Structures are given as C-alpha cells and as structure tokens.
Amino acid sequence: MTELAARYEAGSIEKKWYKIWMEKDYFKSVPDDREPYAMVIPPPNVTGVLHMGHMLNNSIQDILIRKARLDGKNACWVPGTDHASIATEAKVVKWLREKGMTKGSLSREEFMKYAWEWTDKYGGIILNQLQKLGASCDWSRTAFTMDEVRSDQVINAFVDLYNRGKLYRGLRMVNWDSEAKTVLSNEEVLYSEERSKLYYVKYKVEDTDEYITIATTRPETILADTAIAVHPGDERFTRFKGKRVRVPIVNRSVPIVFDEYVEKDFGTGALKITPAHDMNDYEIGLRHDLEVINILNEDATINKNGAQYVGKDRFETRKKIVIDLEEAGQLEKVEEYTNNVGRSERTNSIVEPRLSKQWYVKMEKLAGPALDAVMEDSVRFFPENMKNTYRHWMENIRDWCISRQLWWGHRIPAYYYRDEVFVAATREEALELAKKKLDNNEIVASDLKQDEDVLDTWFSSWLWPFSVFNGMRSSEEVNYYYPTASLVTGWDIIFLWVARMIMAGYEWKGERPFKEVYFTGMVRDKQRRKMSKSLGNSPDALELIDQFGADGVRFGLLSSSPAGGDLLFDEKLCEQGRNFSNKMWNALRLVKGWKIDDSSVRPEDVEMRLLAIRWFEGQFYELLDELDADFRQYRLSDIAMKLYNFIWNEFCSWLLEMVKPAYGDPIDLESYKLINQLLENLMIVLHPFMPFITEEIYQNIRGREEDDHIIIAKWPQRKESDNSLSEGFALLKILVTSIRDVRNKNQIKQKELLTLQFMKSESAAMMVNSHGLKNLLRKMGYVKDIELVSEAPTVPHGNIVAQTLKAFVLLPNINLEEEREKLLADLEYAKGFVKKIEGKLKNERFVNNAPEAVVEKERKKLNDGLSRVAMLQESLERLG
RNA sequence: GGGCGAUUAACUCAGUUGGUUCAGAGUGCCACCCUUACAAGGUGGAAGUCGUAGGUUCGAGUCCUACAUCGCCCA
C-alpha cells in the first residue's frame with residue numbers, strides 16, 4: 001500500500017498544481033500553426049470581488065478552454081478588468097472622504113492621480129481570486145480597459161465613428177443622478193413601487209371663471225409647466241379649445257393642447273406638461289412646439305427660473321409649494337398613491353429626467369449586420385431562444401448615449417472652440433483641424449476646451465474581443481485569434497455588452513467577434529432570490545473553496561446549471577463535489593494498493609477481468625460520443641452528471657469490484673495496465689471540470705516525465721469496441737442486483753455464498769456458457785454454484801425474473817410474505833406493460849402505418865412481456 | 001401594453017428527431033450494513049394521472065390550440 005491519505009485534502013494539492021502549471025507556462029498562448037481557440041473574459045469591475053456569479057461564469061470558461069487545450073488547440077483565454085466609471089469613481093470618492101478630502105476640492109488631474117492609486121492598491125483583487133478557482137487564463141495578457149493599449153483604441157474608435165458620421169451631440173432627456181451628477185443609462189436605473197402622494201391642483205382658465213384640475217405627483221415641477229394637455233376626444237374639455245390657463249404660483253400663461261397621449265381615465269383627464277422634467281412631456285412638447293423651461297440645477301436644487309424657491313432642494317420645494325398652493329386655494333385635494341419610482345443603482349438617489357447635451361452613437365446602421373449575424377447563426381446563441389430577445393431589442397434599437405459626467409474613464413476627445421467642435425485623438429491634432437477649418441493660424445492649443453465628460457464604460461468593453469489583441473492598431477495577433485471561439489456571459493447583459501460587441505466586431509473588423517455565445521443563468525439562493533450583497537444571501541466564494549476545494553465548488557456549480565437556466569445554489573452541491581473527489585481518490589488508493597504478479601494469478605480470473613475491461617471500454621467509448629455531442633451543445637451540466645455517474649457507478653461500483661483481487665491476492669499485469677489506462681482516460685475527460693484532483697490522480701497513476709501533465713494531455717479517442725458485450729452485462733447487472741435484493745429481504749449477509757439456479761433458456765445459456773460472465777456473476781453475487789434446471793426447486797428459494805431469464809436463489813429459509821408482495825408487484829407491472837403493447841398491436845392502423853421495424857420491436861416486446869408474465873404467475877402459484 | 005419562457009417524484013432539474021421496459025437523474029426519504037479503497041462510504045427499496053381541457057397522429061411528456069398559475073425582459 002502506498003502512502004496515500006485516506007481522505008483527499010484539496011487545499012494543498014490545488015495550490016501545488018496551480019503553481020506548477022504557472023511555472024510551466026501552460027496557460028500561455030502565442031500564435032502558431034495550430035487551430036486557435038480564443039476566449040475573452042467578461043471583464044469584471046476593477047472594484048469587484050469574487051462572487052457566485054463570477055465563479056459559475058469563470059468555471060464554465062475554464063472548462064471550455066481546458067477542453068480546447070486537451071483537443072490540441074491553441075487555447076488562449078484573455079483575462080482583464082474594466083474600469084467601471086461610476087462604481088469606481090464612487091469608491092474613490094468615498095476613499096478620499098475617509099482621508100478628509102472631497103472630489104470638489106481636487107483638480108481633475110489630482111483626482112485621477114488618486115483614482116489610479118486606489119486602482120493599483122485595491123483593484124484587480126478578483127483576478128487573484130480567479131486563480132484559486134483554477135482559471136487557466138493567460139495572465140501575461142491581462143488587460144484593463146484603461147491601460148494604454150486599450151485606451152488608445154477606445155479614443156481611436158470614438159474619433160473614427162465621428163469621422164464616419166456615426167456620432168452626434170444631441171439635446172436629450174436623460175436619466176440624471178443628481179447626487180453623482182451624472183447621466184445614467186436605462187439599465188442603471190432601478191424601478192420600484194413606492195408610496196407617494198397625488199396632488200390635485202386647479203389651473204385657472206383665462207377669460208373664464210372656470211378651472212381645470214390636474215393631478216401630479218411632483219408639484220414642484222409646476223414652476224416649469226408650459227402647457228396643459230387633454231385628450232382630443234375628451235368631451236369634458238372640447239369647449240376649452242384655443243384657451244389658455246394660468247400656471248399657479250408663477251402665474252404664467254400657457255396653452256391648452258390636445259394630444260392622444262393623454263389617458264382620459266387617469267386622474268382628472270388633464271395633464272400638466274413640463275417638457276424639461278419628464279420624458280413624455282418632452283415628446284409632447286416637441287409635437288406642440290412648447291417652450292422648455294428648466295428649473296433644476298445639476299444637484300437638483302431649484303435654479304434661477306424657480307421664482308421664490310431658488311436654491312432650495314427639489315423635495316424641500318415640493319413641501320413648500322404644497323403649502324403655498326393650499327394658501328392660494330388652488331390645491332383641491334391630496335390622495336395617497338403608489339407609483340413606480342426610479343432610483344440610481346449606484347447612489348439610490350431618485351432619478352431626475354433632465355435635458356442635457358450628450359454624445360450619441362447612431363445605432364441603426366450598426367445594428368443591421370449585427371442582427372443578421374445572429375439571425376443567420378453566424379454568431380450562435382446557446383440557448384437558442386435568446387435570439388428572440390436579441391432580435392426584439394435590435395429591431396427597436398435606440399441611439400446610445402455614451403457620455404458620462406465623471407472623471408474616471410476615457411475623457412471624450414472632443415475639443416471646443418467657440419461654437420465649433422473638433423474631434424481628434426490628441427489636442428494637437430484637434431488644433432490642426434481647428435486652424436484648417438477656421439482658416440485661422442492664431443488659435444493655440446490652450447484656446448481649445450476639451451469636453452469635460454468621459455465615455456460610458458461599455459464604450460470600451462464593446463471593443464474587448466479585438467482590443468485585447470490590440471486589434472484596432474495592429475493585425476498581428478488579431479488575425480490569428482479573431483474571431484474568438486466562444487463567449488460566456490450572463491443573459492442580463494445581452495444588450496449592454498453582447499449586442500454591442502457584435503456591432504463593434506462588424507464595424508471595425510468586418511467580422512463576428514465570436515462564433516458562439518453561451519448564456520449562463522443567474523445564481524440564486526434556495527428561495528430563488530438573486531444573490532446579492534445587500535440581501536447577504538451569497539456565501540463567501542473563497543470560504544467555499546476552502547471548505548470543499550475549488551474542484552468541489554466547480555463541480556457543485558456545474559452539476560446543476562443548465563444553459564440559461566437559473567442555478568439555485570445549495571452548499572450541498574459543493575459537498576457532493578467534494579465527496580466525488582474523495583471517491584475518486586479512494587479508487588486511486590485501491591488500484592495503487594494492488595500487487596502485480598502474473599505467476600500466481602488464476603487464468604480464469606484474468607479471463608474474467610479482461611472481459612469486464614472490454615465491456616467497460618465499450619461503455620466508455622459510447623460515453624465519449626455523448627460527451628462530444630453535449631459539448632457541442634454546451635450541455636455542461638449533463639456532462640458533469642454523466643461523468644459523475646459513470647465514474648462512481650460504472651467504474652467504481654461495477655468495474656473495480658469486478659476486477660478487484662481478493663484481499664492480499666495479486667492482480668495480473670495486463671489487467672492492471674488496462675485499468676490504469678482507463679482511470680487515466682477518465683481523469684482526462686473529467687479534467688476540464690475538476691482540474692486539480694484529476695491532475696493529482698494522473699500524476700499518481702504512474703511515474704511521469706517532467707513535462708507530462710494532464711492539463712496538456714490528449715483527449716481520448718474512440719477505438720473499435722465490442723458492443724456485443726453490453727447485452728450480457730446488462731443481464732449480469734440485473735441478476736446481481738436481484739440477488740442482493742433477495743438477500744436484503746431475507747436477512748442474509750451479503751457475503752454468505754448461495755446457490756443460483758437458472759431455468760433453461762437462451763439467455764440462461766448465454767450467462768452460463770461464457771466463463772467470464774459466469775465467474776463475474778459468481779464473484780459479484782457471492783454465488784457458489786450456478787446450475788441449469790428445468791424445474792423450480794422444492795427447497796426454499798427466492799424468485800428472480802431478469803428480462804426473460806428466470807432464476808432461483810436457494811435459501812436457508814424464506815420470507816414468504818415479502819416474496820409474494822414482490823412477485824405481485826412485478827406481475828402487475830408486467831401485465832400493464834403487456835396490455836399496453838397488445839393495445840398497440842391490435843390497432844390495425846398502427847400495424848399498417850408504422851414502420852416495420854417499429855412494429856417488429858413491439859412484437860418482440862410483447863413476447864418478452866408475455867413470458868415474464870408467465871414466469872411470474874408460475875412462481876406465485878408455487879407460493880400458494 | 002408588447003414579447004419570451006416555464007409547469008415532469010418531497011426538492012432541484014434532464015427528457016435531443018414523436019416510437020427501445022420511457023416516465024429518468026441528483027438530492028432527500030426508508031431498511032440493512034463501521035464488509036479488507038472510500039461512513040465524505042456500501043447494498044437494496046419506496047416515490048410522479050408529465051399544470052388543465054381539447055386537437056393532430058397508427059402512436060404525444062415531446063407537435064398544435066385554448067385556459068390556469070408562475071417567472072423574466074422591454075415599454
């Protein structure tokens with residue numbers, strides 16, 4: 001027995017192998033003449049720490065890249081992080097505050113210095129954590145969206161788009177975070193039901209004694225009203241056509257407009273219109289050519305247009321204005337109301353619609369080829385139904401607002417000189433453009449004012465599949481690695497990221513960025529809640545790895561994570577993975593413990609072993625075929641479970657038990673070698689899922705050359721195999737299980753030797769004539785004699801009906817009740833089966849229309865079923 | 001309001017081209033067992049009217065329609 005611990009200890013072994021793999025540069029990829037398999041990591045936020053979602057996502061990527069490596073491809077997985085403008089800036093601001101500084105007290109340059117300091121110090125923790133998970137990224141390629149190479153390409157992309165007329169600056173209603181003082185994308189606004197109040201306010205109709213009452217949840221915006229709108233078909237208001245009303249408080253005269261948008265049944269049927277502070281009102285304003293009055297500053301205090309409320313906060317103003325309206329007698333009533341309020345994902349402050357000049361990407365032209373690519377499967381989606389979602393979004397695409405009012409990020413390369421804008425990678429180039437355009441050589445660099453805003457972080461990540469290869473500037477690597485093979489990401493960023501990468505791919509490379517996209521589900525807790533920091537329902541990723549090993553966690557995550565389907569995480573899954581490791585470890589211990597000695601083994605044992613091994617090989621090759629198909633379809637959890645079952649049941653419980661020599665006895669060399677080879681192959685196919693333990697076992701199976709590691713082994717190839725054995729072994733397994741059941745039911749020890757009798761039949765002959773099968777049955781069933789008989793025994797016995805084989809297990813005594821129950825249950829099942837098939841065969845249309853092969857099969861099934869019924873009945877009758 | 005998806009064992013999910021003893025797996029549960037690789041284990045077992053109602057078909061868990069319930073995305 002070699003010195004192997006009885007329990008598998010993941011921790012130290014995982015550390016050991018990761019270090020060796022790194023030292024050997026196995027993760028590193030350089031272009032060569034092999035087929036490339038490239039993958040780019042969905043860059044986690046530089047502020048990120050490893051959570052369950054990352055673990056799932058990156059385990060999957062690691063599986064794919066390790067499989068590609070085993071397939072002999074040039075596997076290249078590029079890691080990196082993105083700079084996450086808003087999130088990082090928020091962290092930096094907080095950090096500065098702890099140091100007693102405010103963003104406002106710093107210049108932009110000073111702030112950026114601190115931001116980089118923060119990033120260098122705290123950023124990128126997550127990449128180290130990924131190593132613990134076993135991620136086999138080419139770390140020498142680690143990229144950051146704000147490093148020099150990437151930044152250069154981002155700026156280039158902006159300039160390029162501008163020059164091609166695909167960028168514009170537009171006045172748009174945007175989601176404004178008044179705390180972070182930045183624009184938010186729709187995706188960064190979280191909506192939820194909140195309790196608020198609905199205020200009914202009376203507007204006096206000019207030249208009449210009448211009032212029109214409107215309902216609003218935001219009375220402070222009355223200051224910015226420039227119209228009242230009603231539905232054109234609403235008879236209550238037709239008499240006001242052409243009239244104007246007076247806005248309360250500010251006493252402004254504004255028109256009454258008629259617009260289909262107004263819902264007659266909502267509130268009072270009349271709507272106040274505030275184009276500067278509401279998305280829909282803005283649209284109505286455009287249609288009716290209304291004045292736009294903005295009353296808010298960047299920080300959501302009231303600006304100079306806000307009469308006596310100037311300088312006050314928006315919510316303070318709301319309170320004050322309600323009092324003032326009441327005093328003026330213009331507040332009719334106040335109702336409790338629940339509405340959908342949008343808050344900033346980052347600051348939680350209520351999002352303010354705000355008119356602002358922003359940079360936009362014109363999306364319509366970009367979307368065309370990107371939509372086609374997915375619809376025609378140039379870029380294949382897994383699961384396929386994501387295509388529908390994608391199409392829906394692409395067909396209704398809106399222009400992309402890419403400016404953000406932040407400092408941390410790529411500063412927009414647009415330079416202003418009076419009313420003109422010049423877009424160029426550098427100030428100097430912009431200056432040249434300005435001089436030329438304005439025909440004025442007097443302009444100097446400092447006359448140009450660079451745009452204060454930075455670009456949306458996604459504007460860097462959409463270039464990722466080629467920017468990591470410096471693909472916009474150089475073609476050397478991109479020609480080899482691009483398009484990448486697969487992309488693994490969550491479906492929640494299909495629009496934010498995936499769609500845009502496809503667009504960028506066609507825009508700049510004229511080619512898809514990846515061939516296949518695998519969308520993972522979300523990791524949720526057992527109550528189906530999304531795992532999140534705020535809920536505190538997410539286990540600590542690193543602690544899990546400590547507890548169950550990275551292999552165990554990876555297996556746990558993968559074993560129950562169908563494509564696109566959510567994963568309901570349960571620690572039990574990881575425990576199962578850990579136990580699986582231990583099981584394999586002990587299989588290794590068993591095999592390693594065998595002594596080899598060809599001189600003292602019995603030939604019939606060798607024959608028996610070789611037969612079992614031949615059978616197992618056949619099963620293994622069939623498994624390989626299934627795995628191939630599953631990999632092509634990204635059915636990774638199926639693969640994980642198939643390997644689990646195959647190794648645990650077929651290999652450990654059946655094969656090893658079949659070939660295992662008696663305690664202290666040696667094994668023959670040939671069987672030993674073949675079994676080791678099988679174990680080795682099993683480790684190779686499992687390696688992508690559980691990289692560490694498979695390497696450890698691989699190394700322990702036999703001595704290895706210096707550079708022989710499983711990570712770079714060859715995926716096993718299918719060979720010719722003997723399928724004729726599967727029938728006999730299937731029957732063997734049923735017989736063994738049935739014998740064990742008979743023992744269980746009659747309290748007979750598993751190892752007490754019994755006599756088995758077969759009623760003469762074809763299948764009985766098959767079992768008995770093969771020495772190998774017969775000996776295996778003896779060994780596995782602890783059977784001393786196997787006899788062929790033509791009549792049931794008269795001594796106590798248990799009845800077995802296996803397929804069409806009838807057998808008797810001779811017993812010292814028998815529990816007749818149990819026996820009868822079991823036979824009755826079996827009989828009932830068999831009868832039901834027969835009835836169903838008889839029904840089919842009696843149906844002439846079936847017999848006439850179904851393919852002959854199908855009918856033939858049914859006939860065979862019927863015959864088998866009938867003989868089973870007969871055998872069971874006979875046994876029952878004998879019981880009396 | 002528009003769209004997508006789901007409903008199979010106590011739980012979580014497979015079920016690929018409609019046809020094999022097809023009704024499966026894992027977990028959990030029950031019984032027995034510290035048997036010489038493994039109690040992080042072994043052996044055996046019980047457990048489902050495939051959401052409901054129709055339809056197509058020789059044949060439906062699988063295809064179609066409607067309904068119910070739930071979930072998600074977009075507006």
Side-chain angles (χ1 to χ4, degrees), chain A residues 1 4 6-8 186 279 383 385-393 395-396 398 491-492 494-495 521-522 524 526 528 530 548 552 559-562 564-570 572-573 575-594 626 629-630 632-633 635 637-638 640-642 644-645 648-649 652-653 656-657 660-665 734 736-745 747-751 782 803 822 825 829-830 832-834 836-837 839-851 853-855 857-858 860-861 864-865 868:
Chain A
M1 188 81 192
L4 295 178
R7 281 192 182 188
Y8 177 70
N186 288 335
M279 302 268 182
N385 60 29
M386 295 305 295
K387 281 165 81 170
N388 293 327
T389 314
Y390 180 83
R391 185 183 59 215
H392 192 254
W393 192 72
E395 284 175 348
N396 297 286
R398 300 171 164 212
W491 48 256
D492 53 332
I494 181 171
F495 309 131
M522 301 289 111
R524 298 175 186 276
K526 275 190 271 187
R528 289 192 183 274
K530 203 167 166 176
F548 301 109
S559 65
S560 124
S561 168
D566 287 347
L567 166 64
L568 272 59
F569 183 76
D570 185 342
K572 273 223 138 49
L573 296 168
E575 196 181 319
Q576 198 183 348
R578 180 199 60 180
N579 294 354
F580 184 34
S581 294
N582 196 51
K583 183 73 185 178
M584 292 185 285
W585 180 247
N586 276 288
L588 173 73
R589 284 181 67 215
L590 173 68
V591 174
K592 292 298 287 178
W594 290 337
E626 283 182 43
D630 288 341
R632 276 198 296 277
Q633 296 294 315
R635 288 195 288 251
S637 60
D638 285 359
M641 284 319 289
K642 278 177 188 174
Y644 177 88
N645 282 318
W648 198 305
N649 298 322
C652 293
S653 298
L656 288 182
E657 293 299 331
K660 187 169 156 181
Y663 184 66
D665 284 1
I734 297 175
V736 170
T737 302
S738 303
I739 295 168
R740 287 168 176 166
D741 189 27
V742 168
R743 288 179 194 272
N744 258 344
K745 292 215 158 58
Q747 269 99 48
I748 293 170
K749 289 225 179 327
Q750 288 298 333
K751 291 196 170 171
Y782 289 93
Q803 296 175 355
K822 184 181 154 53
Y829 182 83
F833 175 69
V834 164
K836 195 174 158 192
I837 298 177
K840 262 192 198 179
L841 286 169
K842 265 185 206 153
N843 184 340
E844 275 176 39
R845 284 179 302 181
F846 170 70
V847 180
N848 295 334
N849 293 325
V854 173
V855 178
K857 249 177 212 166
E858 293 298 317
K860 167 131 184 12
K861 276 159 66 180
D864 290 356
R868 285 172 59 77

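Below, all heavy atoms of this structure are taken into account, side chains as well, without hydrogens, waters or symmetry copies. Just so we're clear, the structure is a prediction, and the values are computed from it rather than from any experiment. Note on naming: letters A, B, ... go to the chains in the order of the sequence lines (proteins, then strands), and numbering restarts at 1 for each one.
- Side-chain atoms of A:Arg743 do not come within 3.5 Å of backbone N or O of A:Ile748 as any donor-acceptor pair.
- If A:Gly865 and A:Lys751 are placed on RNA chain B by their nearest nucleotide, the residue sitting closer to the 5' end is A:Gly865.
- In plain terms, the two heavy atoms of A:Leu568 and A:Leu573 that are nearest each other are O-CD1, 4.1 Å.
- Remark: B:G24 base-pairs with B:C13; criterion is Watson-Crick or G-U wobble with both hydrogen-bond distances under 3.5 Å.
- Using a 4.0 Å heavy-atom cutoff across all strands shown, A:Lys387 reaches no nucleic acid atom at all.
- For the pair A:Arg391 CZ and B:C74 P, the computed distance is 17 Å after rounding to whole Å.
- Going from the P atom of B:U7 to that of B:U12 covers 12 Å, rounded to whole Å.
- Across all strands shown, B:U56 forms no Watson-Crick or G-U wobble pair with both key distances under 3.5 Å.
- Residues A:Glu858 and A:Phe846 meet the side-chain proximity criterion, which asks for heavy atoms closer than 4.5 Å.
- In this structure, CZ of A:Arg398 is placed 8 Å from C1' of B:A75, rounded to the nearest angstrom.
- Between A:Gly865 and A:Val834, the closest heavy-atom pair is C-CG2, 3.5 Å.
- Between A:Lys642 and the phosphate of B:G26, there is no side-chain N or O to OP1/OP2 separation shorter than 4.0 Å.
- In a base pair of the Watson-Crick type (N1 to N3 plus N6-O4 or O6-N4) or a G-U wobble (N1-O2 and O6-N3), with each distance short of 3.5 Å, B:G61 is matched with no nucleotide.
- B:G51 sits 13 Å from B:A10 when the P atoms are compared, rounded to a whole Å.
- Taking the C1' atoms as reference points, B:A6 lies 15 Å from B:A14, given to the whole Å.
- Straight-line distance between the C1' atoms of B:G48 and B:A23: roughly 8 Å, to the nearest whole Å.
- Taking the C1' atom of each, B:G71 and B:G24 are spaced 25 Å apart, rounded to whole Å.
- Here the side chains of A:Gln633 and A:Asp638 are not in contact, with every heavy-atom distance at 4.5 Å or above.
- Using atom P as the reference point in both B:U36 and B:A25, the two lie 29 Å apart (nearest Å).
- By the 4.5 Å heavy-atom criterion applied to side chains, A:Tyr8 and A:Arg578 are not counted as neighbours.
- Between A:Lys660 and B:A37 there is a side-chain polar atom (N or O) within less than 4.0 angstrom of OP1 or OP2.
- Within the 4.5 Å cutoff, no side-chain heavy atoms of A:Asp864 are placed close to those of A:Gln803.
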Quick test: give all pairs of protein nitrogen or oxygen and nucleotides 56-59 of chain B nitrogen or oxygen below 3.5 Å, distance rounded to 0.1 Å.
unit_1, atom_1, unit_2, atom_2, d
B:C58, O4', A:Arg845, O, 3.3
B:C58, O2', A:Asn843, ND2, 2.7

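- Regarding A:Met386, its CE atom lies at a distance of 11 Å from the P atom of B:G5, rounded to whole Å.
- Pair assignment for B:G1 gives B:C74, based on Watson-Crick or G-U wobble hydrogen-bonding distances that are each under 3.5 Å.
- Using the Watson-Crick or G-U wobble rule with both distances under 3.5 Å, B:U69 pairs with B:A6.
- Atom C1' of B:G18 sits at a distance of 15 Å from the matching atom of B:G55, rounded to the whole Å.
- Backbone-only contact: A:Asn645 has heavy atoms under 4.0 Å from sugar-phosphate atoms and none from a base.
- Here the separation of B:A68 from B:C22, taken at their P atoms, is 37 Å to the nearest Å.
- Following rounding to the nearest Å, A:Leu573 (CG) and B:U27 (C1') show an atom-to-atom distance of 8 Å.
- With a cut-off of 3.5 Å on both Watson-Crick or G-U wobble distances, the partner of B:A46 is given as none.
- Taking atom CH2 of residue A:Trp594 and atom C1' of nucleotide B:C38, one finds them 14 Å apart after rounding to whole Å.
- Of all heavy-atom pairs between A:Gly521 and A:Trp491, the closest is CA-NE1, 3.9 Å.
- If you check B:G41 for Watson-Crick or wobble pairing at under 3.5 angstrom, you find it paired to B:C33.
- Annotation: side chain of A:Tyr782 is not in contact with side chain of A:Ile739 (no heavy-atom distance under 4.5 Å).
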Study note, to complete from the structure: Scoring nucleotides 40-50 of chain B by protein non-hydrogen atoms under 4.0 Å (B base, S sugar-phosphate only, - none) yields BSSBBS-----
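- In this structure, the CD atom of A:Glu395 is 12 Å from the P atom of B:C4, given to the nearest Å.
- In this structure, the CG atom of A:Leu568 is 14 Å from the C1' atom of B:G26, given to the nearest Å.
- Considering only heavy atoms from C-beta on, A:Asn744 comes within 4.5 Å of A:Gln750 through its side chain.
- Put simply, CE on A:Met522 is 13 Å from P on B:C72, counting in whole angstrom units.
- Comparing A:Leu656 and A:Phe833, the nucleotide of RNA chain B nearest to each residue sits closer to the 5' end for A:Phe833.
- Contact annotation for A:Arg635: base contact, defined as any heavy-atom pair under 4.0 Å involving a base atom.
- Scanning both residues, A:Arg635 and A:Ala629, for their nearest heavy atoms gives NH2-O, 4.2 Å.
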Exercise for review: Tell me, with the steps shown, if A:Asn586 and A:Arg589 meet side-chain hydrogen bond (donor to acceptor under 3.5 Å, both in side chains).
Suggested key: CA-CA 5 Å; A:Asn586 276 288; A:Arg589 284 181 67 215; 2.7 Å; yes
